[in-house]
Asker: 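Starting off with a structure, shown below.
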Amino acid sequence: VSPATGSLATTRASDAPGAPAVLEASLALARALDAATLDETLRRAAAGMGVSAFLESVAAPLLRRVGEEWHAGRLTPAQEHLVSAVLHDIAVETMRAFTPSPGAPRLLISTPAGDRHVIGAALVGAVAAVEGWGVLYLGADLPAAEIAAAAAGGVRLVALSVVYVADRERVLGELRALRAMLPPDVELLAGGAGAQALARELPAAGVQVETSIAGLLGALRRVAGAGSP
Ligand code: B12
């Protein structure tokens with residue numbers, strides 16, 4: 001047991017730690033660069049609370065805290081990269097653990113050109129996989145034309161995680177171009193802190209904005225329901 005987590009690693013399911021305890025333990029483990037215990041702590045939390053709750057109450061707040069600590073110089077880039085890598089692994093493995101049934105609706109998830117923040121996209125992919133969707137996860141930083149071409153093979157919903165908005169017009173341009181290239185019956189959904197910052201402009205461009213997991217689940221169920229016989 002790592003000194004950073006105390007008794008957390010030996011906790012039984014009946015007294016599983018809540019999200020705030022997991023968050024604090026994860027920060028301490030990141031500081032100690034204890035990759036194995038960090039991985040185990042976050043995996044147990046994801047399995048115990050379910051992927052949607054894990055994303056909303058552990059992964060996203062942890063990443064925001066990591067960002068604040070990193071910005072303030074209290075966390076090194078190596079410590080930040082460790083948290084990012086572990087969360088990304090958990091999300092991708094969750095996605096791969098589910099085989100969609102034949103005829104399951106398909107989701108494409110990526111981030112727009114210029115945005116290298118991939119973890120939100122991977123976590124959204126994991127939520128969709130648990131919901132029974134086939135997920136085409138294309139990583140980060142993809143130009144609109146590439147996304148549109150990849151969506152041509154029967155994708156019902158294109159979702160983009162928008163985290164970094166350095167140039168509003170550039171991001172809006174990418175999303176408008178993508179909307180114009182996608183068939184009208186393919187929905188385009190954007191989420192993440194950057195999408196929230198563009199929430200006034202995006203609906204007029206035909207892009208739906210959902211920044212909560214409840215909103216994501218609602219959109220997945222609505223689109224899946226609309227396509228079923
Ligand atoms: C990890 C990280 C990195 C890593 C990314 C590693 C990786 N493989 O992804 C690295 C080191 C590469 C990086 C680089 C940079 N980063 Co950075 N990074 C972060 C950090 C700490 C976490 C990002 C993240 O994953 N957030 C978690 C997301 C998932 O949370 P969220 O956006 O709130 O999303 C929630 C919901 O909206 C929903 N959601 C997310 N996506 C979607 C999608 C859909 C469809 C739906 C429905 C919902 C949904 O899920 C979450 C659940 O609540 C943030 C801090 C922060 N506050 O986020 C900074 C941050 C995003 N980075 C920032 C900056 C400035 C940079 C750099 C410019 C730094 C530099 N000088 O080089 C570069 C830019 C790189 C680029 N071109 O993209 C700034 C951005 C500010 C801005 N103007 O937007 C932040 C906010 C840090 C800060 N406070 O300054 N970064």
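Numbering starts at 1 and runs along the sequence shown. For ligands, and for the atoms within them, numbers begin at 1 and follow the listed sequence.
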Asker: Side chain, backbone, both or neither: which part of Ser161 comes within less than 4.0 Å of ligand 1 when only heavy atoms are counted?
Answerer: both
Asker: Is there a protein heavy atom less than 4.0 Å away from atom 72 (O) of ligand 1?
Answerer: no
Asker: Find the distance between CG (Asp115) and CD (Glu174) and round it off to the nearest 0.5 Å.
Answerer: 11.0 Å
Asker: Take atom 48 (C) of ligand 1 and look for protein heavy atoms under 4.0 Å from it; say yes if you find one, no if not.
Answerer: yes
Asker: Could you list which atoms of ligand 1 come closer than 4.0 Å to a heavy atom of Gly192?
Answerer: 32 (O), 34 (O), 37 (O), 39 (N), 40 (C), 41 (N), 42 (C), 49 (C)
Asker: Indicate whether atom 41 (N) of ligand 1 is within a distance of less than 4.0 angstrom of some protein heavy atom.
Answerer: yes
Asker: For atom 50 (O) of ligand 1, what is the nearest protein heavy atom, given as residue, atom name and distance?
Answerer: Leu55 CD1, 4.1 Å
Asker: Any side-chain donor paired with an acceptor under 3.5 Å for Ser84 and Glu80?
Answerer: yes
Asker: Checking the N or O distance criterion of under 3.5 Å, is ligand 1 in contact with Ile109?
Answerer: no
Asker: Measuring from atom 12 (C) of ligand 1, which candidate in Arg168, Glu56, Arg116, Glu210 has the nearest non-hydrogen atom?
Answerer: Arg116
Asker: Give a yes or no on whether atom 45 (C) of ligand 1 lies under 4.0 Å from any heavy atom of the protein.
Answerer: yes
Asker: Any idea which of Val163, Leu189, Asp167 brings a heavy atom closest to atom 28 (C) of ligand 1?
Answerer: Val163
Asker: Which atoms of ligand 1 have any heavy atom of Gly120 under 4.0 Å away?
Answerer: 29 (C)
Asker: Considering only protein heavy atoms, determine whether one is less than 4.0 Å from atom 86 (C) of ligand 1.
Answerer: no
Asker: Among all protein non-hydrogen atoms, which one is nearest to atom 88 (C) of ligand 1, and what is the separation to 0.1 Å?
Answerer: His71 CD2, 4.3 Å
Asker: What is the nearest protein non-hydrogen atom to atom 79 (C) of ligand 1, stated with its residue, atom name and distance?
Answerer: Tyr164 CD1, 4.8 Å
Asker: Could you say whether the N/O atoms of Leu160 and ligand 1 ever approach to under 3.5 Å?
Answerer: no
Asker: Looking at ligand 1, does any of its N/O atoms fall within less than 3.5 Å of an N/O of Ala193?
Answerer: yes
Asker: Taking both backbone and side-chain atoms of Leu216, is any N or O found less than 3.5 Å from an N or O belonging to ligand 1?
Answerer: no
Asker: Of all the heavy atoms in Val83, does at least one lie under 4.0 Å from an atom in ligand 1?
Answerer: no
Asker: Of the protein's non-hydrogen atoms, which lies at the shortest distance from atom 33 (O) of ligand 1, and what is that distance?
Answerer: Arg64 NH1, 2.6 Å
Asker: Return yes or no for this condition: an N or O of Glu80 is under 3.5 Å from an N or O of ligand 1.
Answerer: no
Asker: Can His81 be said to touch ligand 1, with heavy atoms closer than 4.0 Å?
Answerer: yes
Asker: Looking at atom 77 (N) of ligand 1, what's its closest protein heavy atom, distance included?
Answerer: Gly114 O, 2.9 Å
Asker: Please verify whether a non-hydrogen atom of Ser84 lies at under 4.0 Å from ligand 1.
Answerer: yes
Asker: Answer yes or no: does an N/O atom from His117 fall short of 3.5 Å to an N/O atom of ligand 1?
Answerer: yes
Asker: Any protein heavy atom sitting closer than 4.0 Å to atom 60 (C) of ligand 1?
Answerer: yes
Asker: If you have a sec, work out which protein heavy atom is nearest atom 24 (C) of ligand 1 and how many Å separate them, to one decimal?
Answerer: Leu63 CD1, 3.9 Å
Asker: Provide, to 0.1 Å, the distance between atom 51 (C) of ligand 1 and the closest protein heavy atom, together with that atom's residue and name.
Answerer: Ala60 CB, 3.7 Å
Asker: State if Gly194 counts as touching ligand 1 under the rule of any non-hydrogen atom under 4.0 Å.
Answerer: no
Asker: Is the shortest distance from atom 82 (C) of ligand 1 to a protein heavy atom below 4.0 Å?
Answerer: yes
Asker: Does atom 10 (C) of ligand 1 have a protein heavy-atom neighbour under 4.0 Å away?
Answerer: no
Asker: Using 4.0 Å as the upper bound for N to carboxylate O, is an ion pair formed by Arg168 and Glu201?
Answerer: yes
Asker: Is the closest N or O pair between Thr211 and ligand 1 shorter than 3.5 Å?
Answerer: yes
